[in-house]
Amino acid sequence: MSNRESAELRSEQEFVDRVHDRVDVLRGAAAQRVEEALAPVGTGRQARLEREVLVAERSGLLAALNAVDGSLCFGRIDLSDGATHHIGRIGIREEEAGSAPLLIDWRAPVARPFYLATGHTPMGLRRRRHITTEGRTVTALHDETLDLDEDHTGFEDPNGDTVLLAALNTARTGRMSDIVRTIQAEQDRLIRAPHGGVLVIEGGPGTGKTAVALHRAAYLLYEQRELLAKRAVLIVGPDPAFLRYIGEVLPALGETGVLLATQADLFPGVRATGVDTPHVAGVKGSTAMAEALALAVQDRQRLPEPGAPVVVRHDDGDLLLDWEIAYEARQAARETRLPHNLARPHFAFRIIDALTAQLAERIGADPYGGPNFLGPDDLAQLGKGVAVSEEVHAAIDELWPLLTPEDFLADYLADPRYVPDEDAHALRRAPDAQGWTVADVPLLDEAAELLGADDSAARAAAEAERQERIAYAQGVLDLSRGSETYEFEDEEDSEVLAAHDLIDAERMADRQEEDDHRSAAERAAADRTWAFGHIIVDEAQELSPMMWRLLMRRSPTRSMTLVGDPAQTSTGAGAGSWRTLLEPYVGGRFEHVRLKVNYRTPAEVMELAAKVVRAGDPSFEPPGSVRSTGERPWTRRAGAEGLSGAVARAVEELKPGKGRLAVIAPRALHEEVASEAAGITAGEDPDLSRPVVLLDPHQAKGLEFDHVLVVEPALFGTSDLYVALTRATQRLGIVHREPLPDALL
């Protein structure tokens, strides 16, 4: 290293130390402010509200400062006018108010040339510097001189991809890393695309579409902080392992207020753990289920059989709820166009009015044909009696029951209707079956839309709780009054004010009511009707049409980023083309972009994987790989040691000193595969931080590993095999007992 290079390294180290010193000060101040905000305050609602808001704000700042400690500063841009800016994961200012930023947030407009400038389009830059750090120590600098025309002594670095390739070759940790240091121009344009509308990012394996989506979330939260902090951003991933895999990316970029969820999590109060067959999942995912459920709800709005009225016992004689009365009440309720549970009171009021009129006619009719003897007060009293009758309510419940989505869907699946007979047979399940499936989640949501939330019971419970608080508060005030000092007992009016002089029981009770100060993401997770500010869906090609109905209800503004790859679709419930998926909701008003560069998968591996897809689609063109390892994929047929022995031997050969190895096998073979290989276990919830992990193709989606061993490829479908083959960043091996597919020969 030359003296000049050593001096530059020392200079950048001094700057990085300065930045971290400033962050340490900010972190300490934030922690102190959190403690101060948690200190006891007055009992007033306003004081408690202000404290909770302060705690939320300061805790969020502290979490962000704690999350971005590693590689905080990663770049520098030197402008042609002599100005210099350091680029980092978050923006940091000097202590003095109004001072220039010490560190520029990567999302700020001034930082954009760091990602887009080239020698031919320098965007005002003279030099771009990549700063590599380990913890807080600067380990390397990489400079690119971009202003080629200034004095003709500059150059456009022929090794400009050095930093990118170094990052791509770094050993995997079992967690996705952010790409903020190496964002490429095509990725930057998508990350910074205008907020609003639907953006579809399609890309094959290794194109960075997931990383782009996550960085887009961070960028939108930076640009639209006020809006999205209130409405929250939802990120939907394929499974819990994937969410854990990406879980550290946004915190590392200074964002902690995003809701991560799988499809199984999207109906509050339900955790879908059951598994459907592909055929059943396809049936449940079809939009035909929406019409079937709507008709099934109407079936629960019953009428008595003609000529066989429901007999309602009453002290003044039986009342008859016949077909005509129920039909007119049902029509009136349906004409409100309200969901089932919300229309129920309209049905009930009509029934009560009709039965009251029937009772009034019996009691007050003039035998000589004159007007009814009962006056308005009498009729009102009769109506109250009918309205509180348990017999009347039992009859109403029989004809128009109050339904929950869970009970309704369980009843429907026990006896499916309005679908073809073969589908009904596939859907049918025992009434006491345990566990909802992922495909049931959008059906529950559809049922909730059709039924509506009847919160009368919740309102009654809340009012009862409030009355209890009032009664308790009154007792406290009575005790205060009874404990008054007797120092002024001879005076008519004391000037000393007690609690009961200043507040009544009702206001005192209201002050004790807890305010909801959860974050927007926490409240959104518990609220089925929440409207998110933006939704990001990964592996979007896998979602069924019914799941898209659910998500579109969560995004009334249609502000979404969808990422996926049709070639990796493995479920029969997938919605097909992007146009087929989106036209019912946004027409043609969406932007569709393809990423064509594969940053992860070596060219040798991608060549083999492409052959698998081309066997069924000769026109298929995979994304082009930017790197080659010189390691060609190998295949090995299990011999006398059997499949498990062959896998164990291959694992020992591939197991890296650093990084991660994935063994990808059909789920049915997991127990056999894991029986002899040391260090791997079969299970539903893989630990991606382990050196060796056993997965099926679905679990492997969206993940990447240094080395991959694919087991028994003949048992995979085309898309599953394509997924399995393209997870490796370094080496790929294949072990088989059955003959290989022709594409792998």
Side-chain angles (χ1 to χ4, degrees), residues 171-176 205-206 210 237-247 262-264 273 275 278 438 538-539 541-542 564-565 567-571 600-601 605 608-609 612 633 635-636 643-644 646-656 659-737 744:
R172 270 46 192 171
T173 65
R175 295 288 183 268
M176 175 181 272
T210 297
D239 55 56
F242 176 84
L243 295 185
R244 289 195 298 274
Y245 177 68
I246 68 171
T262 68
Q263 297 178 53
T273 57
V275 178
V438 171
D538 205 320
E539 302 294 345
Q541 77 280 352
E542 299 288 3
D565 178 14
Q568 297 184 59
T569 305
S570 61
T571 64
R600 175 183 70 221
T601 316
V605 173
L608 180 66
V612 171
T635 62
R636 178 181 302 159
L643 184 66
S644 60
V647 168
R649 180 157 56 93
V651 165
E652 289 303 315
E653 294 174 7
L654 288 171
K655 189 183 295 184
R660 298 293 181 272
L661 164 65
V663 179
I664 304 178
R667 178 59 64 89
L669 296 180
H670 277 202
E671 292 292 342
E672 180 182 356
V673 164
S675 62
E676 293 190 38
I680 64 172
T681 56
E684 296 287 336
D685 191 14
D687 180 0
L688 299 180
S689 66
R690 294 174 63 88
V692 183
V693 62
L694 176 61
L695 306 169
D696 63 32
H698 178 75
Q699 292 172 317
K701 281 198 170 184
L703 309 183
E704 59 183 43
F705 303 88
D706 298 275
H707 315 294
V708 170
L709 180 66
V710 176
V711 180
E712 211 62 275
L715 301 184
F716 293 151
T718 298
S719 61
D720 282 348
L721 183 53
Y722 182 57
V723 169
L725 294 174
T726 54
R727 300 305 97 192
T729 66
Q730 299 296 333
R731 292 185 294 170
L732 171 68
I734 299 171
V735 171
H736 62 103
R737 183 168 49 197
L744 298 183

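- Taking every heavy atom of both residues into account, L688 and F705 meet most closely at CD2-CZ, 4.3 Å.
- With R727 contributing its side chain and L703 its backbone, the two residues share a donor-acceptor pair below 3.5 Å.
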> After noting the C-alpha distance and the side-chain angles of V673 and V735, does the key distance pass the side-chain contact (heavy atoms from CB on, under 4.5 Å) rule?
Replying inline: CA-CA 11 Å; V673 164; V735 171; over 6 Å; no
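- How far CD1 of I680 is from NE2 of H670: 9.0 Å, rounded to the nearest 0.5 Å.
- To the nearest 0.5 Å, atoms CG (L721) and CD (E712) are separated by 11.5 Å.
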> For M176 and F242, what are the C-alpha separation, side-chain angles and deciding distance, and is it a side-chain contact (heavy atoms from CB on, under 4.5 Å)?
Replying inline: CA-CA 9 Å; M176 175 181 272; F242 176 84; 5.7 Å; no
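- For E652 and K655, the salt-bridge test passes: some basic side-chain N is under 4.0 Å from an acidic carboxylate O.
- The two residues T569 and Q541 come nearest to each other via the heavy atoms OG1-CG, 3.0 Å.
- In this structure, I664 and D720 have side chains that are not in contact, with every pair of non-hydrogen atoms separated by 4.5 Å or more.
- The shortest side-chain heavy-atom distance between R737 and L715 does not fall under the 4.5 Å cut-off.
- Here the shortest heavy-atom pairing between Y722 and A609 reads CD1-O, 3.7 Å.
- Of all non-hydrogen atoms in D696 and Q699, the two that sit nearest each other are OD1-N, 2.8 Å.
- When all heavy atoms of P238 and H698 are compared, the closest pair comes out as O-NE2, 4.1 Å.
- Residues V647 and L694 fail the side-chain proximity criterion, which asks for heavy atoms closer than 4.5 Å.
- Panel note: side chain R660, backbone E704; no donor-acceptor pair is recorded below 3.5 Å.
- I734 CD1 to L744 CG: the interatomic distance, rounded to the nearest 0.5 Å, is 5.0 Å.
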>> With side-chain contact (heavy atoms from CB on, under 4.5 Å) as the criterion, how do V605 and R600 come out once you've worked through the C-alpha distance, each side chain's angles and the decisive distance to 0.1 Å?
In response: CA-CA 10 Å; V605 173; R600 175 183 70 221; over 6 Å; no
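- Residues L654 and R731 have side chains in contact (heavy-atom distance under 4.5 Å, counting atoms from C-beta outward).
- Using a distance-only test at 3.5 Å, with no hydrogens or angles considered, no donor-acceptor pair links the side chain of H707 to the main chain of Q730.
- Atom CG of residue D565 and atom OG1 of residue T726 lie 8.5 Å apart, to the nearest 0.5 angstrom.
- In this structure a side-chain-to-backbone donor-acceptor pair under 3.5 Å is missing from Q568 to V723.
- Shortest non-hydrogen contact noted between P686 and A241 is CG-CB, 4.2 Å.
- No side-chain heavy atom of T210 sits less than 4.5 Å from a side-chain heavy atom of Y245.
- Formation of a donor-acceptor pair under 3.5 Å by the T262 side chain with backbone atoms of P240 is not found in this model.
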> Taking it one step at a time, do T718 and V612 satisfy side-chain contact (heavy atoms from CB on, under 4.5 Å)?
Replying inline: CA-CA 7 Å; T718 298; V612 171; 4.1 Å; yes
